[in-house]
> 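Structure incoming, see below.
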Protein chains: 2
Amino acid sequence: MINVTIIEDDEDIRKSLAILVNGTAGFECINCYSDCESAIAEIESDPPDVILMDIGLPGMSGIEGMRIIKNKLPEIDILILTVHEDNQRVFEALCAGACGYLIKDTQPGKLLDAIQEVRCGGAPMSSKIARMVVNSFKINPHEELTNRETEVLSQLCKGKSYKMIADTLFISEETVRRHIKNIYKKLQVGSKSEAVAKALKERLVST
Amino acid sequence: MINVTIIEDDEDIRKSLAILVNGTAGFECINCYSDCESAIAEIESDPPDVILMDIGLPGMSGIEGMRIIKNKLPEIDILILTVHEDNQRVFEALCAGACGYLIKDTQPGKLLDAIQEVRCGGAPMSSKIARMVVNSFKINPHEELTNRETEVLSQLCKGKSYKMIADTLFISEETVRRHIKNIYKKLQVGSKSEAVAKALKERLVST
DNA sequence: AAATCAATAACCCGAATGGGGCATATTTAT
DNA sequence: ATAAATATGCCCCATTCGGGTTATTGATTT
């Protein structure tokens, strides 16, 4: 038996979800909330296995609410159920600890599968979301950088100093300095830490 | 009709896969290879829509082969089919441009679904893999760092200088230096770029 | 043949960074 | 109440870094 709690502000959707969950053997909806604040207040006294959660809620956002809930009860699996498929929200949700991310037009059967799946150690995602997530790993070399510059940038991302890079690449420290100056110009940054931050965030080099 | 190419060194598996694919309406296996080298040599003359690919191949590894193939023909979707579920290989494959990652005990029906799915813009993954991928986004604060230190580290990861951090946090530059010294000791690093690299790679801060 | 780009290397100089020690509130835990 | 942890601040000093300028060599392109 999987105990489910629903957090969703739209009453129609909330009720439909509850009916779907309660109408299926092996699933039970033990609580419904229309906002995070009330969910947070009560959740510890009656913790579910899985939370189905909207993001666009009145008051505290689902993302923020998720952080708080995950902090209190880390073992709960939280499944996001929303209309938002924009990069920022998806990745914010995952960073905050969501275990899955479904868009609202998911078929009822698939939704139940997803709840099952998340309990079995999976991470159900809608197709488009899964592709976004997978694509976010892909290396994206900056096309202005030359091969040598990319090599140097990669060394920078290991936290190396000019001197260490020079020794690794068998060139003089001055040449390293030159490459780094060019990298800064092309990436429009002005320091090692800025360059490393940009390179890692935008996956300009293979880690 | 989805055209599939298989790269797999085990003859039994290769033939079974080909039979499965060819025996299903809407799918056709147009080529089979037992190693990347031969696949790379011929692939451009007969490009498929999807490649089913093993990782542990004789000669060139599947990862390396994938890089080369993706470079020649970026529009091909590559589905990894392997027994390896270790972190390193999974993430290397995704960084090299894999669109999906299935383990070899996947049911034949699910495998065909996955091929379909990848062609429709999805990214099919086995449960465990999907969870690994999703978990890799989760913020993982370093437990030794104090709140203030985490705040400072987060500023470092934006590429800020001591002075800029001081202005942002309304403290003196000297205090910023103090916090950073403590951060270095706890993270066992010795420079801003090293700290930023470690923090971003290990997701010690929210980006 | 001329021109452009990539990679190499050097010099100067001032600003930023990193390591050491020291000190004092403030908060938290015992 | 006292001890420990945290956040704040300052000093000294050596090293690293970042910006500017210039130059040579080889490869690629026009």
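Naming convention: chains lettered A, B, ... in sequence-line order (proteins, then strands); numbering from 1 in each chain.
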> Given the structure, check if the side chain of B:R177 and the base of D:dG9 hold any donor-acceptor pair shorter than 3.5 Å.
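Donor-acceptor pair under 3.5 Å: no.
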> Among D:dC17, D:dC10, D:dT8, which nucleotide has an atom closest to any side-chain atom of B:I171?
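Nucleotide nearest to B:I171's side chain: D:dT8.
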> Check whether any side-chain nitrogen or oxygen of B:Y162 sits under 4.0 Å from OP1 or OP2 of C:dG18, and answer yes or no.
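So the side chain of B:Y162 is within the cut-off, an N or O lying under 4.0 Å from OP1 or OP2 of C:dG18.
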> Does the side chain of B:T146 get closer than 4.0 angstrom to OP1 or OP2 of D:dA7 through an N or O atom?
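Result: yes.
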> Roughly, in whole Å, what's the span from CZ in B:R148 to P in D:dG9?
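Whole-Å distance recorded here is 9 Å.
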> Please tell me which of B:E144 and B:E174 maps to the more 5' nucleotide of DNA chain D, matching each residue to the nucleotide holding its nearest heavy atom.
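The residue closer to the strand's 5' end, by nearest nucleotide, is B:E144.
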> How close or far is atom P of D:dT6 from atom NZ of B:K185, stated in whole angstroms?
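Taking NZ of B:K185 and P of D:dT6, I get 14 Å after rounding.
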> Under 3.5 Å, is there a donor on one side chain and an acceptor on the other for A:S38 and A:D35?
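Result is yes, a qualifying pair exists.
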> Across the strands shown, which category fits B:K181 at heavy-atom distances under 4.0 angstrom: base, sugar-phosphate, nothing?
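Base contact.
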> Counting neighbours of NZ on A:K163 that are heavy atoms of other residues, nucleotides or ligands and sit closer than 6.0 Å, is the number greater than 12?
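12 or below, so no.
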> In whole angstrom, give the distance that lies between atom CD1 of A:I183 and atom P of C:dA6.
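Result: 13 Å.
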> Kindly say if A:Y184 contacts the phosphate of D:dG19, meaning a side-chain N or O under 4.0 Å from OP1 or OP2.
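False: A:Y184 side-chain N/O out of range (4.0 Å or more) of D:dG19 OP1/OP2.
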> Please check the phosphate of C:dT8 (OP1 and OP2 only) for any side-chain N or O of A:T175 closer than 4.0 Å.
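False: A:T175 side-chain N/O out of range (4.0 Å or more) of C:dT8 OP1/OP2.
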> What's the NZ-C1' distance between B:K186 and D:dA7, to the nearest Å?
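Going from NZ in B:K186 over to C1' in D:dA7 covers 11 Å.
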> Starting from P on D:dC17, measure out to CD on A:E194 and report it in whole angstrom.
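To the nearest whole Å, that distance equals 16 Å.
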> Is the count of non-hydrogen atoms from other residues, nucleotides or ligands lying under 6.0 Å from A:Q188 atom CD greater than 12?
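Incorrect, the count does not exceed 12.
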> Decide, yes or no, whether a salt bridge links A:E85 with A:K128 under the criterion of side-chain N to carboxylate O below 4.0 Å.
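A salt bridge is present here (some side-chain N lies under 4.0 Å from a carboxylate O).
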> Which nucleotide sits closest to the side chain of B:K192: C:dA7, C:dG18, D:dA7?
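Selected nucleotide: C:dG18.
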